[in-house]
Amino acid sequence: MSEQPNDFALVIGINDYPQYGVGGANLQGAVDDARDFAAWLTAPDGGGLPAAQCETILSTAAPLHPERGAVDAALERLMDAAEPVAEPRRFYFYFSGHGHADEIDDVSLCMANWSFRRRQAALSSGAYRRFIHKCLRFREVVVILDCCRLREIAATGFGSELNCPRPESAAGSSRYFIAYATEFQQAAFEHGGDGDRVRGHLTRALLEGLRGAAPRQPGGGVAAADLKAYLERRVPEMAGDHGQRQQVEVASSLPAHPPALFGSQTPGPGAGPTAEREAVTASEPRTAYPFRVQVKLGNAIDGLSRIQVSDGFDRPLDAADGSFQRDLPPGLYAVRVERGGLIAEELLRHSAEAPVDRDIPAPKRRSALPSSDSSTAPDYYRKPARRWSIADTGSGPLAITGRDDDPRLFIFVRAASRKAAAGVWVGNGLELCDRDGAILSLFGEEHAEADAADGWLAFSRRLPAGFYRLRWLDPAGSRAIALTLFKRWDTQVFLPFDGRPMVERASILLPRRGTPFDPSSRDAQSTDMGLLGLRLGRDLVPAEVHRELLYGKFDNPMLGLIGAHLLLMAREPNRDTVDLVLGNLRDNLLGDVPDVRALAWRAWQRLGGDRPAPTPFDAPPMLRAGLRAVIDADAEVGGLVPADGILSWISRHQRADTAWTSWSPPVQTRARPQPEHTARPYLLPEQQDVVFVQTAEDLDLSEVPYDLQRADRSRNRELDLTFDALRGTDAFAGLGASIAHPAVERPLDALRDRLDRLNLDPLITKSLSRPPATVHAPPAPPAAQAGTPTPPSGPALGPSLSVAVAQDNASPAEDSAPVWIDNLVKDALDSARRAGRDLDVPALARAANLPRAVIEERAAALSELVR
């Protein structure tokens with residue numbers, strides 16, 4: 001007989017999202033996660049539910065399932081089954097899939113048919129939980145939501161169609177346990193590795209804890225408080241192992257005395273990971289013997305690894321960086337190595353006959369940086385990264401030309417391996433733009449060096465110091481980060497490629513001008529760890545590097561910026577240390593640049609003292625922590641973020657899942673995309689159109705009949721001329737005259753016509769056509785004289801092309817704001833009106849992480865709608 005006959009569960013797992021964005025956005029692990037959690041729920045040594053009392057809904061692609069009705073039907077069956085139960089104990093509600101959140105206590109759980117048009121095809125987690133509390137008689141309600149809580153898309157969740165005529169007598173008295181996979185406005189991740197199935201971090205950690213990794217009670221089962229603590233520790237570790245940031249949020253009112261338990265009341269085999277340690281532990285102090293552990297990276301001791309040694313009862317004994325040596329009595333010891341957020345742990349038996357003398361390999365990080373401590377940095381990535389970090393790539397001109405004394409911008413995109421690259425041109429969709437959003441380079445062969453077989457691309461040019469944008473654009477979405485070039489320093493940007501260039505996961509270094517990238521550089525590795533720490537909200541900079549910051553003995557500006565932010569994140573920042581680091585950055589290294597000014601504002605907010613001059617920011621800081629500092633200060637003093645400035649634009653579309661100032665520019669999509677394989681990008685004249693053409697070597701015509709040879713040679717010649725035109729060479733000048741077409745009067749239209757006549761649909765896979773007049777359109781040509789044929793408007797290059805236009809402006813357009821901002825401001829205006837008071841702009845700006853000017857502008861635009 002099952003141990004918990006009065007428990008019920010509704011479990012939902014959705015992988016299939018074919019209409020989620022352009023081309024769909026299927027998940028890989030949600031169905032397996034739901035199936036595994038349901039298996040634990042119904043296992044006699046797990047949750048102990050009767051199988052009939054666990055409704056499991058798993059998605060299918062054909063037919064597309066589930067929609068909201070299927071969830072209500074399953075919930076109604078559970079209501080009917082629970083009706084005759086005298087004292088229902090616990091109800092489990094589990095969801096794994098896509099989710100969005102406009103409110104901190106509610107998540108819109110997307111059904112399989114969710115799309116940008118069907119934004120209401122979602123469940124409101126808050127509404128369903130309130131229904132369960134109101135209409136059912138369960139003493140406890142457990143909600144597990146393994147999904148994102150991002151606020152970037154206006155997804156509207158609805159409550160159940162089910163209801164009850166009046167609340168149950170016990171309504172409101174039931175206890176709850178709610179586990180969100182991530183914090184509000186943050187992403188949740190799934191991952192698989194080493195042959196494992198893809199799984200969500202929350203569910204993987206949840207099942208680990210329930211199956212023995214979390215502390216168990218003497219009679220069996222895991223206390224709610226212990227499960228909460230385990231999830232809060234374990235999920236960030238899992239995410240950090242894969243270069244991600246994910247912090248669970250768990251709220252519980254389940255009783256602690258006696259503790260509410262999850263799982264079997266009978267202890268199973270292996271009642272927890274500490275059993276062995278408690279059975280065999282360090283003996284009482286007698287004779288001590290040398291105990292030595294070293295962490296090696298290659299053949300050298302790694303000073304960036306922290307070693308923590310504990311006895312068999314998990315009591316810390318001592319710690320050291322890189323090498324640990326101490327006389328210890330015989331016993332069992334736990335050795336924990338932490339490096340850049342990665343943790344490796346071993347149990348070592350120490351005895352007189354076999355004292356511990358051990359070299360442990362340093363944990364290898366996953367990083368965009370092709371460094372010697374990365375698990376995905378073979379030599380065929382390190383060599384080109386070093387070579388092109390100090391040499392110009394490509395021969396084509398840029399719209400902006402740097403001088404010999406200007407800094408170098410080096411951008412290196414790479415896959416995790418040749419196999420992962422799969423021959424794809426890893427720069428597809430990547431754009432370098434000036435401060436106003438105009439395209440400077442599309443990373444085609446005229447500006448870049450690349451190896452599609454190995455899966456890397458390099459761009460390296462000197463450019464004037466200042467603010468630039470690095471942007472990935474695709475009909476399915478967009479992502480951009482802010483780049484700053486400093487006068488005495490080069491900027492080296494490393495991007496991982498995982499289906500697309502992941503600009504938000506960039507590693508950025510600031511070496512002295514002319515210094516090549518060094519894969520073994522300790523400073524580079526420390527900087528990369530610090531960036532991960534900023535993204536995770538944890539200080540991962542090794543202690544030795546902190547000491548260098550303390551004494552000002554560093555000449556690495558990026559590490560200085562990161563270290564200053566980490567110092568200011570401390571519970572009690574030391575003013576002298578902060579002043580020393582800020583002085584070094586401002587006076588000796590970078591000058592009065594946005595990132596340093598942002599740090600000054602954060603220091604004033606944390607430590608007080610003289611307030612910085614309220615000079616408006618005309619460019620964003622590179623680091624998101626700096627952008628947040630500016631917005632926080634602007635809410636307090638005002639005037640730092642002009643309404644028509646770039647920071648106002650970025651803040652409306654900012655993203656919070658990265659260490660960098662990052663945003664998702666709106667994209668206009670005009671056709672469905674085709675898959676891009678080895679597409680090469682070219683910028684058409686006047687920087688208005690972009691085409692991606694799959695280039696291949698000429699056909700082998702040696703054994704082809706003469707007539708076919710002649711036809712194919714003619715086609716190859718046509719392709720060569722077309723590529724010359726795309727590259728902007730002299731062949732373009734005569735292109736218009738070479739094509740007889742009465743309606744074509746401009747070279748650009750001649751090029752379109754030529755491409756259409758060449759029937760290149762199988763080759764051309766993407767085009768960014770002329771943007772609308774509101775998005776940096778060039779001046780209109782003079783009015784045509786009477787009787788002059790009107791030039792064609794320039795249609796897309798072919799019916800199979802996907803067309804996208806980025807709306808990434810230098811300043812906000814009038815009446816432009818995402819829906820979530822307008823909804824937020826409308827609600828605040830309505831609340832203020834009903835309370836008979838004015839809108840508290842600073843408070844709303846702080847709560848929404850938006851500049852005052854944005855709140856004031858949207859309030860003025862929407863005030864008439866809430867009267």
Side-chain angles (χ1 to χ4, degrees), residues 2-4 7-16 27-60 66 70-71 74-75 78 89-99 107 109-112 123 125 128-129 132 138 140-148 176-182 188-192 196-214 216 221-222 224 226-228 230-232 234-235 238 246 248-250 252 254 260-264 268:
S2 298
E3 294 190 39
Q4 300 297 346
D7 286 6
F8 293 76
L10 176 59
V11 178
I12 305 167
I14 303 179
N15 278 350
D16 300 282
L27 298 173
Q28 299 181 65
V31 166
D32 279 347
D33 282 342
R35 186 182 287 117
D36 286 357
F37 184 63
W40 177 86
L41 283 170
T42 56
D45 60 347
L49 276 71
Q53 292 172 199
C54 178
E55 288 276 352
T56 303
I57 300 175
L58 305 177
S59 70
T60 59
V71 175
L75 185 56
L78 291 172
R89 186 184 80 106
R90 179 180 292 170
F91 189 92
Y92 292 90
F93 182 96
Y94 173 94
F95 175 84
S96 182
H98 280 305
V107 183
L109 311 175
C110 298
M111 295 291 98
L123 313 181
S125 69
Y128 272 78
R129 183 167 65 87
I132 296 168
F138 291 93
E140 299 171 359
V141 177
V142 174
V143 179
I144 310 293
L145 303 178
D146 198 349
C147 60
C148 295
Y176 61 83
F177 182 97
I178 306 173
Y180 298 103
T182 187
F189 299 96
E190 55 179 13
H191 202 281
D196 292 344
R197 291 175 298 162
V198 174
R199 301 291 297 278
H201 293 321
L202 172 62
T203 303
R204 189 188 292 268
L206 175 68
L207 292 174
E208 277 185 3
L210 293 172
R211 289 170 173 160
R216 297 179 69 89
V222 179
D226 289 333
L227 181 60
K228 177 179 184 292
Y230 181 80
L231 294 176
E232 290 172 341
R234 184 67 177 121
V235 171
M238 284 184 175
Q246 185 174 332
V248 297
E249 187 174 308
V250 182
S252 175
L254 296 185
L261 298 178
F262 290 87
S264 172

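Every value quoted in this text rests on a predicted model; they were computed, and no experiment measured them.
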Is E208 salt-bridged to R234, going by a charged N under 4.0 Å from an acidic O? yes

Could you tell me how the ring of F93 sits relative to the ring of Y128: parallel (under 30°), tilted (30 to 60°) or perpendicular (over 60°)? tilted

How many angstroms lie between OG in S96 and CD in E190, if you round to the nearest 0.5 Å? 7.0 Å

Just wondering, are more than 12 heavy atoms of other shown residues or ligands nearer than 6.0 Å to CD in E232? yes

When Q4 is tested against each of R90, Q53, R89 for side-chain hydrogen bond (donor to acceptor under 3.5 Å, both in side chains), which residue passes? R89

With sequence neighbours excluded, residues passing ring pair (Phe, Tyr, Trp, His ring centres under 6.0 Å) with F91: F138

For C147, side chain to side chain contact (heavy atoms under 4.5 Å, CB included) partners two or more places apart: F95, V107, L109, L145

First locate atom CG of L261, then atom CZ of R216, and finally report the distance between them rounded to the nearest 0.5 Å. 9.5 Å

First locate atom CG of L227, then atom OG of S252, and finally report the distance between them rounded to the nearest 0.5 Å. 9.0 Å

Please identify each residue that fulfils side chain to side chain donor-acceptor pair (under 3.5 Å) with T203, with sequence neighbours left out. Y94, D146

Hey, which of I57, T60, L58 is the one that makes side chain to side chain contact (heavy atoms under 4.5 Å, CB included) with P66? I57

Could you tell me the separation between the CD1 atom of I132 and the CG atom of L75, rounded to the nearest 0.5 Å? 6.0 Å

Ionic contact status for R204 with D36, cut-off 4.0 Å: no

